[in-house]
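All of these numbers come straight from a predicted model, not from anything done at the bench. Along the sequence shown, residues carry numbers from 1. Read the numbers this way: they start at 1 and go in the same order the structure lists the ligands and their atoms.
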Amino acid sequence: MAGFPLKGETTPTIFEKSESGRCGTSMTRTDVDTVPLSDLVPGRHLRSEPARLPEVPENEVVRHYTELSLKNHHVDRALYPLGSCTMKYNPKVNEATCRLGGFAGLHPFTPQASAQGALRLMYELAEMLKEIAGMDEVTLQPAAGAQGEMTGVLLMRAYHDANGEGTTRRRILFPDSAHGTNPATAAMAGFDAEEIPSNASGRVDLDALRENLDETVAGLMLTNPNTLGVFESDILEISRLVHEVGGLMYMDGANLNALMGVTRPGDMGYDIVHFNLHKTFSTPHGGGGPGSGPVGVKKHLAAYLPVPKVVRRDDGSYGLDWDRPESFGKLHGFYGNFGVMVRAYTYMRMLGCRGIRETAEAAVLNNAYLTVLLQDDFDLPYGRGMHESVFSGTSLKKRTDIKTMDVAKRLLDYGFHAPTVYFPLNVPEALMTEPTETETKEELERYAAAMKAIAGEAETDPEMVATAPHTTPVRRLDEGRAARQLDLKWSFPEDAEA
Ligand SMILES: *Cc1c(COP(=O)(O)O)cnc(C)c1O
């Protein structure tokens, strides 16, 4: 079953391509005496039968995975304007550094004295994040944004517990534009998650906030620029109000693309912030792969951060400090996803201070340009955002019956990934578009031309748009089923029948 599948055929798995006796490489026989494996590995750890590995020549392996990689859209193919997710291009130098033997081959139990380079990298990465966010301490442990949020909310709990208010401060507030992980995290940590409405400009409604604030509030979780891409220009007043009743300010900093090098959450009154290294700091993400969600805090919360903390000792060496009696404990196996940290560190060192600011400026400029190109064809209920803008397909739907989901699917035929659709929840038919700083003017224009063409097709050939995509390996998927009934494991036919 080797070879490229014809249209309509499903691609065989690498196991189905296997032919007994085929081999990827041919090496000369060694003339060194080898020790039998059973002398090296205790018998109980040895397989009774050889592993059933696919036997495929090297060129077929490369073709197989290249073909699979082209079945999906990814940022190495074209623009991927998935708002809030920051699908910026991942520089390949990041991959080169994280594969350096000293990093990639380092065992997490390596004695600290032999892991100085890795510890130093983690220490310096945390220092850079502190500076960017205006925070006093940073932990690198959380493995994703959502786990960073969990860390932040556990810090809130530890802080209020220490002040004897752990049982009375039960409420965490968030605006109706918030990312779904905010209320989910608050609820998982045992708090009451309470939504407050946005005003007509898409910002936190200060009156609604005031009405909801009292001594039962543990904190406010607020993204800035918020999930509509709109900067919360009342942020100093919001922070003052929350602090006045003894609450804490949590910034969902998953996406710092508009801010970094320009302004800092710490200066806006936030007490806690999480970063998504896999968004702002260019490491690859999607499909559940490894991420990193470091958390920065102000001094009054530092004692509760998870153990261990990476420290620089007086003699200039680096180490892990477990002696933090007020810490809420350990959060993640070992110290987090180290490979992701190496990538983010590389990205930040490549950019330098000025480059980081220019990145933010370019992200905002790219979005401004793209927004202007599209604003005549799609509604823009809350106006142009900073690094992302939330369009709406409401008028298009009224005119043509073509929904945002149809536009998203049709974009695939033009070779682009769709923007984030139907989020944030407070925008009907939402198309949340984030071009990122890495795209050229021409690529933005190509994307805008595709969007305009689709708006035209919605008028002239709505049936074709409503049944898109037409050129992809699979047509419209049942997305609910695809997400809920995953079938990720291939079985040998003889096992499946048994
Ligand atoms: C992506 C995102 C998160 C969650 O981050 P994960 O790493 O996917 O867990 C939280 N908040 C916002 C605003 C985000 O964009």
Would you call the rings of F338 and F103 parallel, tilted or perpendicular, taking 30° and 60° as the class edges? perpendicular
Numbered atoms and elements of ligand 1 in range of E149, under 4.0 angstrom, heavy atoms: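 Here the atoms of ligand 1 in question are 10 (C), 11 (N).
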Distance filter under 4.0 Å to A144 heavy atoms, resulting ligand 1 atoms: 7 (O), 9 (O)
Is the ring centre of Y345 less than 6.0 Å from the ring centre of F281?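 Centroid distance Y345-F281: not below 6.0 Å, so no.
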Run the ring-centre check on H179 versus F174 and record whether the distance is less than 6.0 Å.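 They do not qualify: ring centres at least 6.0 Å apart.
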Member of S201, P424, P175, S389 meeting the side-chain contact (heavy atoms from CB on, under 4.5 Å) criterion with L228: P424
Salt-bridged, [X] to [Y], with N to O below 4.0 Å?
| X | Y | value |
| --- | --- | --- |
| E479 | K409 | yes |
| D406 | R476 | yes |
| K92 | E95 | no |
| E434 | K88 | no |

Has [X] got any heavy atom lying under 4.0 angstrom from an atom of ligand 1?
| X | result |
| --- | --- |
| H278 | yes |
| T181 | yes |
| H285 | no |
| D252 | yes |

Below a 4.0 angstrom heavy-atom separation, can you tell me which part of A254, side chain or backbone, both or neither, approaches ligand 1? side chain
At under 4.0 Å between heavy atoms, what of K279 touches ligand 1? The answer is side chain
Starting from atom 15 (O) of ligand 1, what is the nearest protein heavy atom, named by residue and atom, and what distance separates them? S84 OG, 2.6 Å
Can you tell me which residue and heavy atom of the protein come closest to atom 9 (O) of ligand 1, and the distance to 0.1 Å? A146 N, 2.8 Å
Residues N426 and S177: side-chain donor-acceptor under 3.5 angstrom: no
N/O of [X] under 3.5 Å from N/O of ligand 1, yes or no?
| X | answer |
| --- | --- |
| C85 | no |
| T223 | no |
| N276 | yes |

Would a 4.0 Å cut-off, counted as strictly less than, catch a protein heavy atom around atom 5 (O) of ligand 1? yes
